[in-house]
Amino acid sequence: MAIKIIDKNGNIEEIDQYNDKIEVFRHTAAHVLAQAVKRLYKDVKIAIGPSIEGGFYYDFDNLEITNEDLEKIEDEMKKIIKENLKIEAFILPREKAKELMKDEPYKLQLIEDLSEESEISFFKQGDYVDMCVGPHALYTKAVGKVKLFSVTGAYWKGSEKNKMLTRIYGTAYKTSEELEAEILRREDAKKRDHNKLGRELELFTTVDVIGQGLPLLMPKGATVVQTLQRFVEDEERRRGYLLTKTPFMAKSDLYKLSGHWDHYKEGMFILGDEEVDKEIFALRPMTCPFQFMVYKAKMHSYRELPFRYNETSTLFRNESSGEMHGLTRVRQFTLSEGHLVVRADQVEAEFKAVLDLIKYFEKCLGLGNEFTYRFSKWDPNNTEKYINKPEAWEATQKQMKSILDSIGLDYVEADGEAAFYGPKLDIQGKNVYGKEDTIITVQLDFALAERLDMTYIDANGEKVRPVIIHRSSIGSYERTLAMLIEKYAGAFPLWLAPVQVKILPIADAQIDYAKEVEQKLIMAGFKVEVDTSVEKLGYKIRQAQLEKVPYMVVLGQKDLEANVVSVRARDEGKDLGQMSADALVAMLESQVKEQLKK
RNA sequence: GCUUUCAUAGCUCAGUAGGUAGAGCAUUUGCAUGGUAAGCAAAAGGUCACCAGUUCGAUUCUGGUUGAAAGCCCCA
């Protein structure tokens with residue numbers, strides 16, 4: 001059955017499928033929400049209410065409610081939908097529009113932002129009129145089933161300088177089955193949330209008296225990070241990287257040289273008081289200037305370049321208090337951070353090699369499909385935030401774009417997301433709730449070599465400025481761990497699992513044998529635990545499953561006598577039967593090898 | 001930093017309309033148990049996040065601090 005929608009000029013279109021224009025119905029749902037709020041609360045001012053991925057929201061001023069009130073508003077929305085109000089579109093000239101919206105200060109501001117000659121469109125449903133470009137459903141019944149999720153604050157026009165409004169989030173679907181499925185999906189996402197699951201699996205914890213944004217990796221979490229770190233450092237060495245270990249802090253002089261003092265001071269932990277102390281220090285928020293000093297410690301010939309420095313680098317950033325979240329937004333984190341000092345003619349090849357390394361890590365972690373690419377450019381109007389050299393920005397961005405295009409990378413462009421010294425390729429990951437974070441970044445830097453007076457001697461004996469590529473290969477270990485927890489719902493692939501094999505002796509008589517098998521697996525490099533409790537086997541298996549251990553080894557009298565082990569795999573709950581301990585080691589080794597295949 | 005909500009045992013939560021608190025799971029002990037998804041019993045465990053105020057008395061009311069959740073603004 002066709003559903004009708006109406007645009008701002010009053011044209012009516014018939015569509016077959018609700019889902020083809022789902023954003024239209026959700027946008028209309030936002031209007032229904034505003035209408036419901038207006039009916040229930042006097043003196044509320046409306047701001048804007050668009051459809052967004054997965055739903056819609058509407059912003060209000062002068063509305064003080066809590067989550068408990070949402071049910072009441074939802075009921076009013078259902079009533080409006082049931083009333084099946086007809087939606088009418090009309091257009092007014094600017095002055096008339098202002099007259100109509102005289103009691104809606106936010107709408108008036110929006111009118112002010114529009115050009116003088118523009119005509120302004122309105123949509124009306126019953127007693128409610130909203131200024132809006134549409135289109136909308138022709139009748140409120142077409143909105144379908146609605147659900148409100150939360151009430152939060154949001155700045156007017158997205159600027160912290162403006163007033164904070166009250167935002168209500170919700171969603172709409174054609175049928176209640178689809179709506180129920182979405183609610184279930186959201187509940188399921190909660191179960192994978194690294195901030196919950198990571199604590200349950202004893203990967204990390206936080207402590208009030210230690211502070212916000214300072215998670216503690218517990219033995220299991222630390223083991224996963226250690227596995228990752230060894231893997232990254234070994235692979236980088238194979239690819240010609242040179243390891244550095246540089247200080248976690250420096251005098252302010254260093255950051256003044258690099259420009260971080262001017263551009264990033266707010267984000268740094270500063271030790272000492274500029275007014276009082278002769279010398280003040282700051283914990284490092286990036287490794288760049290430290291590794292540059294390693295380069296500068298001696299003269300370099302053009303023949304030596306490129307230099308590829310990497311460091312498993314602990315960084316400190318003084319994030320504002322409302323930002324901290326689990327392992328994804330913290331004040332201290334460890335980044336696989338590297339800087340390549342290259343000649344201009346090497347930029348392209350080195351940039352591509354960095355991407356190749358990143359792709360390899362993505363593959364081994366199984367995160368390839370989770371990522372999207374963002375080409376982050378500067379904002380020429382924001383000279384506060386960026387080094388103000390328009391020609392250099394244009395040239396560097398052009399070069400980066402051509403490299404990205406030449407390897408056929410699928411990316412989106414974003415203005416105003418660059419580093420202060422150059423454009424970035426950001427590799428973005430999404431958490432279980434759809435929120436995006438930068439996981440890995442590669443940056444082309446035209447500025448810092450000059451600021452820090454870095455040079456090499458070219459074939460003519462002249463001093464020349466190198467180009468610098470800033471790069472991470474796996475991102476911050478904390479944030480990557482969070483991605484992995486959510487991707488695998490805690491059931492890590494064998495090579496990453498903090499406990500790879502759990503040995504379950506059936507009775508005390510097999511404990512010595514269990515220790516023997518454990519020793520064999522440990523010597524082969526595997527992470528093993530023996531369950532020495534006196535519980536029944538079924539109970540032990542249940543525990544191992546809750547811990548999401550990849551392999552369980554059951555040892556009973558029969559196994560001991562035959563000198564074999566009975567193996568169960570976590571995945572698909574497969575029973576692999578009896579095998580010798582050596583065969584088990586061989587099986588595990590080949591599986592790890594397969595998982596890390598180039 | 002801002003808006004809203006919140007903080008009771010290791011975890012999940014109940015409770016006290018102001019008189020210092022309870023359950024399930026986990027832990028410990030005893031008993032039971034050689035074989036595939038939670039055996040039975042007992043014990044232990046809490047300055048009810050912290051600091052003030054009101055009160056004869058505060059875990060409960062008020063204010064502040066710290067920490068947590070969702071979102072905004074920022075950001076790897």
Side-chain angles (χ1 to χ4, degrees), chain A residues 57 59 61 63-70 149-169 190 193 195-196 199-200 202 205-214 264 266-267 285-286 313 315 317-331 333-337 376 385 416-417 419 424 426-429 433 435-441 443 470-472 474-480 482-483 504-510 533-546 552 554-560 566 568 573 575:
Chain A
Y57 67 79
D59 285 347
D61 190 15
L63 175 65
E64 279 183 37
I65 55 164
T66 66
N67 281 313
E68 275 92 76
D69 301 311
L70 289 182
F149 287 118
S150 57
V151 40
T152 63
Y155 295 111
W156 165 238
K157 284 189 179 176
S159 169
E160 57 179 336
K161 295 188 184 83
N162 293 335
K163 187 168 181 191
M164 183 152 282
L165 308 176
T166 304
R167 175 173 296 179
I168 298 176
Y169 282 97
K190 255 183 223 162
D193 183 347
N195 202 13
K196 187 168 164 52
R199 291 168 198 267
E200 282 169 9
E202 297 177 10
T205 188
T206 48
V207 179
D208 284 14
V209 293
I210 290 180
Q212 276 190 302
L214 297 169
Y264 203 77
E266 291 301 300
M286 293 103 177
S313 184
L315 304 177
R317 297 186 186 179
N318 194 2
E319 303 286 351
S320 34
S321 59
E323 298 311 332
M324 259 63 77
H325 177 78
L327 293 176
T328 54
R329 198 68 185 276
V330 293
R331 283 184 166 152
F333 59 98
T334 300
L335 188 69
S336 163
E337 178 150 43
S376 297
K385 192 173 163 188
E417 295 285 350
K424 305 195 287 182
D426 290 320
I427 299 173
Q428 305 290 106
Y433 303 112
K435 192 179 154 113
E436 201 175 274
D437 268 315
T438 301
I439 307 297
I440 299 168
T441 173
Q443 309 164 359
H470 304 239
R471 51 107 267 185
S472 181
I474 201 177
S476 121
Y477 285 92
E478 289 82 357
R479 199 173 266 189
T480 299
M483 284 290 292
L504 315 176
I506 290 170
D508 284 357
Q510 293 92 44
S533 71
V534 292
E535 300 295 342
K536 285 193 165 179
L537 181 57
Y539 183 83
K540 292 183 186 181
I541 289 176
R542 172 73 179 157
Q543 288 304 312
Q545 283 169 340
L546 287 175
M552 283 172 242
V554 177
L555 297 183
Q557 195 58 32
K558 291 177 211 159
D559 305 294
L560 196 158
S566 297
R568 281 171 68 111
D575 196 340

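Side chains included, hydrogens not; waters and symmetry mates left out as well; all remaining heavy atoms used. Letters A, B, ... are given to chains in the order of the sequence lines, protein chains preceding strands, and every chain is numbered from 1.
Side-chain nitrogen and oxygen atoms of A/S320 include none within less than 4.0 Å of the OP1 or OP2 phosphate oxygen of B/rC74. In this structure, A/H325 reaches the B/rA70 phosphate: one of its side-chain N or O atoms is under 4.0 Å from OP1 or OP2. For B/rA68, one of the phosphate oxygens OP1 or OP2 lies less than 4.0 angstrom from a side-chain nitrogen or oxygen of A/Q212. Contact between the side-chain N/O atoms of A/Y169 and the OP1/OP2 oxygens of B/rU4 is not found at any separation under 4.0 Å. The shortest distance between the side-chain N/O atoms of A/K424 and the OP1/OP2 oxygens of B/rC75 is not below 4.0 Å.
Between the base of B/rG71 and the side chain of A/Y155 there is no donor-acceptor pair shorter than 3.5 Å. Applying the 3.5 Å distance criterion, the base of B/rC74 shares a donor-acceptor pair with the side chain of A/R329. With hydrogens and angles ignored, no donor-acceptor pair under 3.5 angstrom links the side chain of A/R542 to the base of B/rU36.
Here the side chain of A/E323 is nearest to one of B/rG1, B/rA68, B/rA38, namely B/rG1. Side-chain atoms of A/E535 lie closest to B/rG39 of the nucleotides B/rA69, B/rC72, B/rG39. When the nucleotides B/rC74, B/rU36, B/rG35 are ranked by their closest atom to the side chain of A/K435, B/rC74 comes out on top. The listed nucleotides are B/rU36, B/rA70, B/rG1; the one nearest the side chain of A/L537 is B/rU36. Counting only heavy atoms from C-beta on, A/M164 has its side chain closest to B/rU3 among B/rC75, B/rC73, B/rU3. Listed nucleotides B/rC74, B/rG35, B/rG39 differ in distance to A/E319; the shortest reach to its side chain belongs to B/rC74. Closest contact between the side chain of A/E160 and the listed nucleotides B/rG1, B/rC73, B/rU36 involves B/rC73. Among B/rA70, B/rC73, B/rC75, the nucleotide with an atom closest to any side-chain atom of A/R479 is B/rC75.
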